[in-house]
Amino acid sequence: MKMISWNVNSIKARKEIVLDWLESHKPDVAFLQELKTDGEHYPFDEIEALGYVSEVNGQKGYAGVATLVKKGIEYTLISKALLEEPEEQARFVEVEIDGIRMINIYAPNGNPQPSEKYDYKLRWYQKLEDKLSTYMRNETPFLIGGDFNIIPENKDCYDPNAWQGDALFTKEIRDIYRRMINSGMVDAFRVFDSNALNYTFWDYQAGAWQRNNGIRIDHFLLSPYVTDRLKGCVIDKEPRALDKPSDHVPVILEIN
DNA sequence: ATGTCACTCAACGAGTGA
């Protein structure tokens, strides 16, 4: 099974790029983030024409996530809310396929730090940790993918000094990621490329892409059951070089 | 050279978020 995670930074602005990419790569499941629409501009019809059902958790102009499942694959919608119902920010979709919980997240950015937004990020991640530790304790097979807005380690950014004090790189935030790893979840990308300087995001500003001044903040974490079935995990940098690109690129996960 | 982009609201630019 081929899965992808991609922060598209507006599905309306990125529609053609995303449709073209889906058509050529044909993932079975796609996690999209930062749709920036409540559904009015979500291309349900075009995506269905490519052979996908969309589970959209959207909101107007901000955040928003969608999980696309190829038609013919049986799935169950588990939830579109992490915190409580109804949720004020659309950042979560959970489905189950073949006994595996599949969680699509767009974690809060949290900048500036400190601020109310940073506190919200901490509260949001506390809820996520609670959910995932329950799954680990119960040995529920799961994977979680998306824009974590966490730079896990120094090697996950071009210039660690430039990110000091940023809400993506405080010790407090990196500790959240480390706790998830220490509890037994596996960072799928690092299984195959343990020291590579590969990024998933390059800022639009200051020629960040041309200078390869990027960060790795889009991840797939796997429970032990899913780790045993891991075949591959790669970052596709190609879409970042297109005209009018997203500032993030897709991460591709393959599991048996 | 903080060198960008996409959104909303009520306009034809300012403010916000990333």
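Order of the sequence lines sets the chain letters (A, B, ...), proteins ahead of strands, with each chain counted from 1. For the numbers below, each heavy atom of this structure counts, side chains included, while hydrogens, waters and symmetry mates do not.
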Using atom [atom1] in both nucleotides, what's the gap between [N] and [M] to the nearest angstrom?
| N | M | atom1 | result |
| --- | --- | --- | --- |
| B:dG17 | B:dA1 | C1' | 23 Å |
| B:dA6 | B:dA10 | P | 23 Å |
| B:dT2 | B:dT8 | C1' | 23 Å |
| B:dG3 | B:dC7 | P | 22 Å |

For this session: May I ask you to list the residues sharing a hydrophobic cluster with A:Trp21, side-chain cutoff 4.5 Å, ordered by chain and number?
Result: A:Ile4, A:Trp6, A:Val8, A:Ile11, A:Ile17, A:Val18, A:Leu19, A:Leu22, A:Leu32, A:Leu35, A:Tyr42, A:Phe44, A:Ile47, A:Leu50, A:Tyr52, A:Val56, A:Leu68, A:Val234, A:Leu242, A:Ile252

With sequence neighbours excluded, residues passing ring-ring contact (aromatic ring centres under 6.0 Å, His included) with [X]:
| X | answer |
| --- | --- |
| A:Phe92 | none |
| A:Tyr62 | none |
| A:His248 | A:Phe201 |

Exercise. NA contact type, A:Tyr106, heavy-atom cut-off 4.0 Å: base, sugar-phosphate, or nothing?
Worked result: sugar-phosphate

For this session: Take the angle between the ring planes of A:Phe148 and A:Tyr177 and call it parallel below 30°, perpendicular above 60°, tilted in between.
Result: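 Answer is perpendicular, since the angle exceeds 60°.
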
Sub-3.5 Å pairs of nitrogen or oxygen atoms, protein against nucleotides 1-3 of chain B:
residue : atom : partner  : partner atom : Å
B:dG3   : O6   : A:Arg211 : NH2          : 3.2
B:dG3   : N1   : A:Arg211 : NH2          : 2.9

For this session: Please list, chain by chain and in numerical order, all residues satisfying salt bridge (Lys or Arg N to Asp or Glu O under 4.0 Å) with A:Asp187, sequence neighbours excluded.
Result: A:Arg216

Exercise. Sequence neighbours excluded, which residues qualify as salt bridge (Lys or Arg N to Asp or Glu O under 4.0 Å) partners of A:Glu116?
Worked result: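 In terms of salt bridge (Lys or Arg N to Asp or Glu O under 4.0 Å), with neighbours along the sequence ignored, A:Glu116 is linked to A:Arg123.
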
Problem set entry | Contacts of A:Lys26 that satisfy side-chain contact (heavy atoms from CB on, under 4.5 Å) - sequence neighbours left out |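 Result, side-chain contact (heavy atoms from CB on, under 4.5 Å) vs A:Lys26: A:Lys70.
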
Exercise. Tell me, for nucleotides 6-17 of chain B in 5' to 3' order, what letter each nucleotide earns: B for a base near a protein heavy atom under 4.0 Å, S for only sugar-phosphate near one, - for neither?
Worked result: SSSS-------S

Between [X] ([atom1]) and [N] ([atom2]), how many Å, whole number?
| X | N | atom1 | atom2 | answer |
| --- | --- | --- | --- | --- |
| A:Ile151 | B:dA18 | CD1 | P | 15 Å |
| A:Asp218 | B:dA18 | CG | C1' | 13 Å |
| A:Asn7 | B:dC5 | CG | C1' | 13 Å |

For this session: Say whether A:Tyr118 and A:Thr170, considering side chains only, have a donor N or O and an acceptor N or O under 3.5 Å apart.
Result: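 On atom types as modelled, these side chains qualify, holding a pair under 3.5 Å.
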
